[in-house]
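To keep things clear, I will list the structure first and then write my remarks on it.
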Amino acid sequence: MKMTNVHNLPETFMQFNRSNAYTSGDAEMGVTTLIDSSRVRALREKHSKGLTEDISDQVMSILGTAVHNILEQGASPEDVVEERLYGQVGDVKFSGQIDIRSPVVDPSTGETRWAMRDYKTCAGYALKASPEGKREWVNQLNMYGLLATMNDIDVESLGVVAIVRDWRRKTAERDPTYPQSSVVTIPIEKWSTEKAMAYAEERCRSHRREVIPNCTPSETWETGSTYAVHKMVGNGKLHRMASRATRLFDAEPEAYGWVDEQAGGTVKYVVNERPGKRVRCEDNYCGVSEFCDQFAMYQAQKGVE
């Protein structure tokens, strides 16, 4: 893949990106690739020479790496930081780099288990939408836990330390569902070894298929349609739908039901469907949308040129 700098960012950004390029060591793939779409991986490998990415699209990733480097300096001497572990499922060797694991000593037996944590930088409203952690965080941490088990490390708990890069105090004060601090620690459900192994085996099978499987709705970041209720404003030829929605519903019957409840009043309402979209594909966050026949078929069905 070729890295560009069309916005003329300082050379330090390009150099930082080169110096901190992701690696899975001598494994076939890292955990983040293992849990991701096998279609995206296959297309990236097939078209690697024709892919380009601008350094400006890497800024959030660079910020995350910088945060990791800073927090590593604050670790206790007993902590283990930036540790890469290797494991094998069938003929697939994979690896993962664990941000930090801290010892938890049982006072009655003196035995040491480990609390494993991963640092994440994210937007406030993304954390509001997934207060218990994103699905990919759960998958990722449990694959780290599986790697730990494969390396005879006894993990007691998993967690994410989420750093809200755009946190707003005023929003937190008026909205109790918004992150109440700029740093939030989220416990992550720890799977049984059997469940983690079954998931790893399924992911390895997906990446090994000769015929590239389609991305799932979650892998395309597909959003469902929503239904906005708008006031009708103005009179005569100026009678129109207000630009700002009065209410927003996830289901069409709920939207029309609410409108029916307002019948007889002086204000008239109209329901406007906001079609869902495959965000990762349509905004090319995967980087390979132009090469993807699944996305081409999706566009054709939507009537997109």
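Side chains included, hydrogens not; waters and symmetry mates left out as well; all remaining heavy atoms used. This one's a predicted model, so the numbers in the text were calculated from it and none came from an experiment.
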Quick one, Tyr298 and Thr220 - any side-chain contact, counting heavy atoms below 4.5 Å?
no
If you draw a 6.0 Å radius around CZ in Arg18, do more than 12 non-hydrogen atoms from other residues or ligands fall strictly inside?
yes
What pair of heavy atoms forms the shortest contact from Met116 to Ile98, and how long is it?
CG-CG2, 3.5 Å
Would you say CE of Met1 has more than 12 non-hydrogen atoms from neighbouring residues, nucleotides or ligands within 6.0 angstrom?
yes
Under 3.5 Å: donor-acceptor pair, side chain of Arg203, backbone of Asp36
yes
Arg44 side chain vs Val288 backbone, donor-acceptor pair below 3.5 Å
no
Between the main-chain N or O of Ser61 and the side-chain N or O of Thr65, is there a donor-acceptor pair closer than 3.5 Å?
yes
Side chain of His207, backbone of Thr33: donor and acceptor closer than 3.5 Å?
yes
Do Phe291 and Leu51 come within less than 4.5 Å of each other through their side chains, counting heavy atoms only?
yes
Worked verdict on Arg39 versus Ser206 for side chain to side chain contact (heavy atoms under 4.5 Å, CB included)
CA-CA 9 Å; Arg39 168 171 283 270; Ser206 180; over 6 Å; no
For a quick test of reading the model, state the closest non-hydrogen atom pair linking Asp166 to Gly124 and the distance between them.
OD1-N, 2.7 Å
Would a distance-only check, ignoring hydrogens and angles, find a side-chain to backbone donor-acceptor pair under 3.5 Å from Arg113 to Val155?
yes
Measure across Gly96 and Val31 and return the closest heavy-atom pair with its distance rounded to 0.1 Å.
CA-CG2, 4.0 Å
From CA spacing to verdict: side chain to side chain contact (heavy atoms under 4.5 Å, CB included), Ile212, Arg209
CA-CA 6 Å; Ile212 304 176; Arg209 290 176 187 168; over 6 Å; no
Trace of the side chain to side chain contact (heavy atoms under 4.5 Å, CB included) decision for Met29 with Val92:
CA-CA 8 Å; Met29 68 183 80; Val92 177; 4.1 Å; yes
Heavy atoms only: give me the nearest His230-Ala242 pair and the separation to one decimal.
ND1-O, 2.7 Å
Are any side-chain N or O atoms of Thr223 and backbone N or O atoms of Lys277, one a donor and one an acceptor, separated by less than 3.5 Å?
yes
Please say whether more than 12 non-hydrogen atoms of neighbouring residues, nucleotides or ligands are located less than 6.0 Å from CD in Gln15.
yes
Quick check: closest heavy atoms across Leu34 and Cys204, and the distance to 0.1 Å?
CD1-SG, 3.9 Å
More than 12 heavy atoms of other residues, nucleotides or ligands under 6.0 Å from NZ of Lys46: is that the case?
no
Is there a side-chain contact between Ile55 and Glu11, using heavy atoms and a 4.5 Å cut-off?
no
Are the side chain of Glu28 and the backbone of Ser95 linked by a donor-acceptor contact shorter than 3.5 Å?
no
Mind telling me whether Trp191 and Tyr199 have parallel, tilted or perpendicular rings, with 30° and 60° as the class edges?
perpendicular
Let me see the working for Gln140 and Tyr144 under side-chain hydrogen bond (donor to acceptor under 3.5 Å, both in side chains), right down to the final yes or no.
CA-CA 6 Å; Gln140 181 182 3; Tyr144 288 163; 2.8 Å; yes
Find out whether Met3 and Asn17 are in side-chain contact, i.e. whether some heavy atom of one side chain is under 4.5 Å from a heavy atom of the other.
yes
Is it the case that more than 12 heavy atoms not belonging to Asp250 sit under 6.0 Å from its CG atom?
no
Hey, does the side chain of Asn142 reach the backbone of Ala196 with a donor-acceptor pair shorter than 3.5 angstrom?
no
Do Phe295 and Arg278 make a side-chain contact, defined as non-hydrogen atoms from C-beta onward lying under 4.5 Å apart?
no
